[in-house]
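Residue numbering restarts at 1 for every chain, and letters A, B, ... go by the order of the sequence lines. The figures that follow rest on heavy atoms only: side chains count, while hydrogens, waters and symmetry mates do not.
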Amino acid sequence: MSDTAQAAQDDRAKKYKKTLNLPKTAFPMKANLVQNEPASQKRWKKASLYLAAQEARPEANRFVFHDGPPYANGNIHLGHLLNKCLKDFVVRTKLMEGRRCPFIPGWDCHGLPIEHRVMQELSESGKLEKIASLDDDNRRMAVRRECQKYASKHVKQHVTQMERLLTLADYDHPYLTMQPAYEGAVLEVFAGLVEKGLVYRQLKAVHWSVDNETALADAELEYYDREDISVYVDFVAQDGEAVYRAFGLDPEDDDTPAQSPCFMIWTTTPWTLPANLAICVNEKFTYALVRVDGNITVLAEALVEKVTKAGKSESVEVLATTTGDKLLNLRYRHAFIPEGPDFSTQPDAAMRGADPSGIYRVLAADYVTLEDGTGLVHTAPGHGADDYMTGLKNKLPIYCPVTENGTYDTSVPEFLQGMKVWDANEEITELLRTDGALFYDHRFMHSYPHDWRGKTPVIFRATEQWFIEVDNKDLSLRDKAFEATDPTNSDSVKFVPEWGRNRMRGMLETRPDWCISRQRAWGLPIPAFYTPEGETLLNEQTVKAIATRFREVGSDAWFTEDAPTLLQHWTNPDNVDLTSLKKGMDIFDVWFESGSSWNAVMRERSEGADYPVDLYLEGSDQHRGWFQLSMLPALGVTGRPPFKTLLTHGFCVDKEGKKMSKSVGNTLEVDMLIEKFGADVCRWWVASVNYENDIKTDLAFFETSGESYRKIRNTIRFMLSNLSDFTASSPGCDDGMCVAPESMPPASLEAWVLSAFDEMSKKVRTAYETYQFNKATTLLYNFCNDTLSATYLGAVKDRLYCDAPDSERRRRTQTALWDLTDGLARLLAPIMPHTADEAFRTLRNVDAKDPAHCVHLSTFIDTMGAKAHDAWPAVIKVRDTWLRALEDVRAKGDIENPLDAGLVVPDPEGLLSGFDAADLADLCSVSRFRVDPGASAVVVEELSGEPRCERSWKRDGTVSQRADGGMLSDRDAQAVGVV
RNA sequence: GGGCCUGUAGCUCAGCUGGUUAGAGCGCACCCCUGAUAAGGGUGAGGUCACAGGUUCGAAUCCUGUCAGGCCCA
């Protein structure tokens, strides 16, 4: 071609390009989420989206979802991100299905972590001393005021962070466990349990600060080294012959010694020996009957050498061995309390369910080890955690002869009465030495728990606590819980995933009675009063009266008001002298508060209509936590579980599958992720994970999600960019440029793509319905990439760009694009609320500030309405073979550009009759497509010898020189209006 | 130590009640397009299904054990 001819052709190319309908849109390729999401938030807030979205759906069609309260502390972390996004997917998918789905967010505000933190801050600021000098009520109030401030501050911070995740909830009316109405409702649950007889008082061994005369939680302990006495003590068997028989020796035999054998125990707290009620062995261990310097005693075989060496024994002879189980129930005599303690002075709570005749026996315990001691463990149920459990199991009294101030009461031998336990260590050791019961003693340093405030050593001491009975004979909560979760029961609780059922039932099996009392300031008081005679006043009526009072003025009243004022709503039928009553100082376990949320939130706000709740959704740690501790009180009060379905998710771990922790340094900060990727990308990540198991987390995964997001965004952008000259019809009218999908030819590309959308949409909605969000993301992603980007959008580019703007074919395509964009925006709305709304609004040309039109007020589309040709799936499938043939030719280098090629395909089954050759050509991006009934294989025609349309670059066989001198196909000539 | 759960290509995951050459996506390599362009499309390589036993005609799939990891207990 000559230079002048080339120049003329270039001119025409420029001229023709101007006649094309090229893509144009205000929807930017770059999302700029970090900057633009807050604008969406502001717009939604202005439009009161939460309320508007609820009101847009019928009241009658509700899905009831209940938020478990996170602890009002610190920044939100990855666990919150996961949990809150999953919950938001539920809320938003239900709304998009046209159901009303109220979501009231909540916070757990009471409890030790906050109180602990506040005490630290008070200590650092020097205010603690001043507070310590106040009386009980005022001191507690001072602490409570600080705690309340702290909790409120963190709730506000959480709300800001959670809203930034673009979650939709009633953040203007959250529930807080410290709100007066909530507190009242918790007490009403408690009253219900009291009425059913499920609440009782019993002793329980807890850490006790002798110095401050208060119980301590684990978090209030600090470990320091301390010197103590370690003693090895022989307790003489009551029936020596039985012991010999247990070791397989015949007492009648002359070789069998005549003297009584002993059981040797070891302890580092000799002061607990007066409270000894049992000796524990491990059933599986081997025990030896040993003659040590003439004395005969029982020791774990593995420890004989170690112990006798320590005691510097001169002669050691093992007479026989046996296993621990043979020793069970053998009796012994206490080293210095031969008749046993005088239990008559002990409180009823110590003797509840106990059988005092069973003391001084050998019992089994699997916590007995061979690391220290003798393999026989001194057991004092009133003075040790393990000992306490063993005591309960074996019906021993929870005997605690030590008073609040760390001195012995009158139930012990006279020489100890009134003595401080720390002094008793020496006294008891000396007594044992004198009596010959002491095998060996020595002083040693060890790490020992101390009161974090006074830095003084603490003791284990049984104190009166409140319990909820799980194993009551007539109406056992455990039985009810098993029934409610029984898989064979048709209205049983549903578990997602199903294995949660086993896990929860396993945990129910072993759960002991629930100790609900704590000795702290920051919590809901247990409304118990005590008469001067030491009687407890707490019944259904008094608890309800206090509940009413708390609803009026909040639980601070317990510390600021006297008994008559607090009980003003009580009828006092027996004329109790209210002025003489003393208030109890126990507060509830925070789990009891959050475990009552089904009443305080769901029943309260719906007047009972929302009970039981459709769904609880939390981490799998809540099988033992909130799930179980909500179910037990609910079963007790209402007889049914508070939820119909329990959904659990796993925990975020690092990319190696290891637990994330600040000290290891493998954590990711949510604020940073939001700043770096934006909420929509983070939400896409959450939606795409398999949350049933551990969730591996790494910055790289968020980057991958960002890539997926961009792919989807670009697909939407391309569709929007081809709608710049298109006006959709208003709903129900044909005032726009739409071509009714019902009228689209079944063999058209549009009928196919719209029905493909319907199929995908149905699957996505099912996935949403079953909480399989990762399945939904896969379906949506693949639809955008395969169906749209790689197939449909590639095929229709030519007609969008080159057809006359208002040709029927182009308008039909644009109708499909509009519907697809609209439908996709709605399906994506639950996962990426900002981007979906951006697309939805761009599609409708809504001004950025105009709050009208919001995808979140719309619903999913049931069907696009197009009817596709039955052969379409087969055509799409056989297209792969055509493309492969094309690729083979291209790989050989014969043809580079597919537009230089034509396809001739066989069609033995007549699949393609009724299909448009131009459509099929576009579907393969080739210039020409022909069916040859006689062909045996796909043939690729090389067309580069034929004239090429200067406008559409196609060689479709109709290209010829036109009046303006350009080479144009018929279609393009018509589009530009030349002949 | 106990209960529940997990371990499949370099990475994230599908693989239903056991049945032909184990599937996606990402990443990677190569190629095309340059009228979606800090975009778009195509092709390809990659796995003794944690390890060791067992049941079976046949196991990624069922059973037992070991190792590694998670949650909850002790």
Exercise for review: Using the P atom on both, measure B:A22 against B:G65 and round to a whole Å.
Suggested key: 30 Å

Review point. If you measure from the C1' atom in B:C16 to the same atom in B:G2, how many Å do you get, rounded?
Key: 32 Å

Point to revise | RNA chain B: 5'-proximal contact among A:Gly506 and A:Asp621 (nearest heavy atom) | key: A:Gly506

**Study point:** Pairing nucleotide - B:U64, Watson-Crick or G-U, each distance under 3.5 Å
**Key:** B:A52

Check your understanding: Counting only Watson-Crick or G-U wobble pairs whose two distances fall under 3.5 Å, which nucleotide matches B:C71?
Key -> B:G3

Point to revise | A:Asp900: salt bridge (Lys or Arg N to Asp or Glu O under 4.0 Å) partners, not counting sequence neighbours | key: A:Arg955

Review point. Roughly, in whole Å, what's the span from CG in A:Asn690 to C1' in B:G15?
Key: 13 Å

Point to revise | Euclidean distance for P, B:G58 against B:A14 (whole angstrom) | key: 29 Å

Check your understanding: Between B:C73 and B:G54, how far is it from one C1' atom to the other, in whole Å?
Key -> 32 Å

Exercise for review: Specify the separation, in whole Å, of atom CD of A:Glu707 and atom P of B:U12.
Suggested key: 18 Å

Review point. A:Asp694 CG to B:C72 P: how many Å, rounded?
Key: 11 Å

Check your understanding: Can a salt bridge be assigned to the pair A:Arg928 and A:Asp956 using a cut-off of 4.0 Å between side-chain N and carboxylate O?
Key -> no

Exercise for review: Remember a base hit wins even if backbone is also touched, and classify A:Gly657 as base, sugar-phosphate or nothing at under 4.0 Å, heavy atoms.
Suggested key: sugar-phosphate

Exercise for review: Nearest whole angstrom, please: distance from the P of B:A74 to the CE of A:Met507.
Suggested key: 11 Å

Review point. Atom CD of A:Glu656 and atom C1' of B:G7: how far apart are they, to the nearest Å?
Key: 14 Å

Point to revise | NZ or CZ of A:Arg951 within 45° of A:Tyr801 ring axis and under 6.0 Å | key: no

Practice item. With a 3.5 angstrom cut-off on both distances, give the Watson-Crick or G-U wobble partner of B:G18, or none if there isn't one. Key: none

Check your understanding: Which atoms form the tightest heavy-atom contact between A:Cys802 and A:Leu20, and what is the distance?
Key -> SG-CD2, 3.7 Å

Review point. For atom P, what is the distance between B:G42 and B:G25, given to the nearest Å?
Key: 10 Å

Check your understanding: For atom P, what is the distance between B:A52 and B:C33, given to the nearest Å?
Key -> 50 Å

Check your understanding: Atom CE of A:Met389 to atom C1' of B:C73: distance rounded to whole Å?
Key -> 11 Å

Review point. Please walk me through it: do A:Lys662 and A:His77 pass side-chain contact (heavy atoms from CB on, under 4.5 Å)?
Key: CA-CA 11 Å; A:Lys662 284 206 174 115; A:His77 51 68; over 6 Å; no

Point to revise | Footprint string (nucleotides 32-45 of chain B, 5' to 3'): B base within contact, S backbone only, - free, heavy atoms under 4.0 Å | key: S--BBS-SSSS---

Review point. Where does B:G10 land, syn or anti, given syn is within 90° of 0?
Key: anti

Exercise for review: Grab the two heavy atoms, one from A:Ala380 and one from A:Asp387, that are nearest each other, plus how far apart they are.
Suggested key: N-OD2, 2.8 Å

Check your understanding: Would you say the side chain of A:Arg503 and the base of B:C71 hold a donor-acceptor pair, judged only by whether the two atoms sit under 3.5 Å apart?
Key -> yes

Exercise for review: Would you kindly give the CG-to-C1' distance between A:Leu886 and B:C31, to the nearest whole Å?
Suggested key: 13 Å

Point to revise | Identified pairing partner of B:A36, criterion: Watson-Crick or G-U wobble below 3.5 Å | key: none

Review point. With a non-hydrogen cut-off below 4.0 angstrom, is A:Tyr781 in contact with a base, only sugar-phosphate, or nothing?
Key: sugar-phosphate

Check your understanding: Judged by modelled atom types alone, do A:Ser969 and A:Asp972 share a side-chain donor-acceptor pair under 3.5 Å?
Key -> yes

**Study point:** B:C71 and B:A29, which share atom name C1', separated by this distance in whole Å
**Key:** 41 Å

Practice item. Check step by step if ring-ring contact (aromatic ring centres under 6.0 Å, His included) holds for A:Phe677 and A:Trp685. Key: CA-CA 11 Å; A:Phe677 298 101; A:Trp685 173 77; over 10 Å; no

Review point. What pairs of residues pass the side-chain hydrogen bond (donor to acceptor under 3.5 Å, both in side chains) test when at least one of them lies in residues 503-514 of chain A, not counting sequence neighbours?
Key: A:Tyr200-A:Asp513, A:Thr485-A:Arg505, A:Arg503-A:His623, A:Arg511-A:Gln628, A:Trp514-A:Asp589

Exercise for review: Find the partner of B:G44: check Watson-Crick (N1-N3 plus N6-O4 or O6-N4) and G-U wobble (N1-O2, O6-N3) distances, both under 3.5 Å, and reply none if neither fits.
Suggested key: B:C28

Point to revise | Listed nucleotide nearest any side-chain atom of A:Lys659, set B:C72, B:C71, B:C5 | key: B:C71

Exercise for review: Rounded off to whole Å, could you give me the CD-to-C1' distance for the A:Gln772 and B:G15 pair?
Suggested key: 14 Å

Practice item. In whole angstrom, give me the gap between the P atoms of B:U66 and B:G19. Key: 28 Å

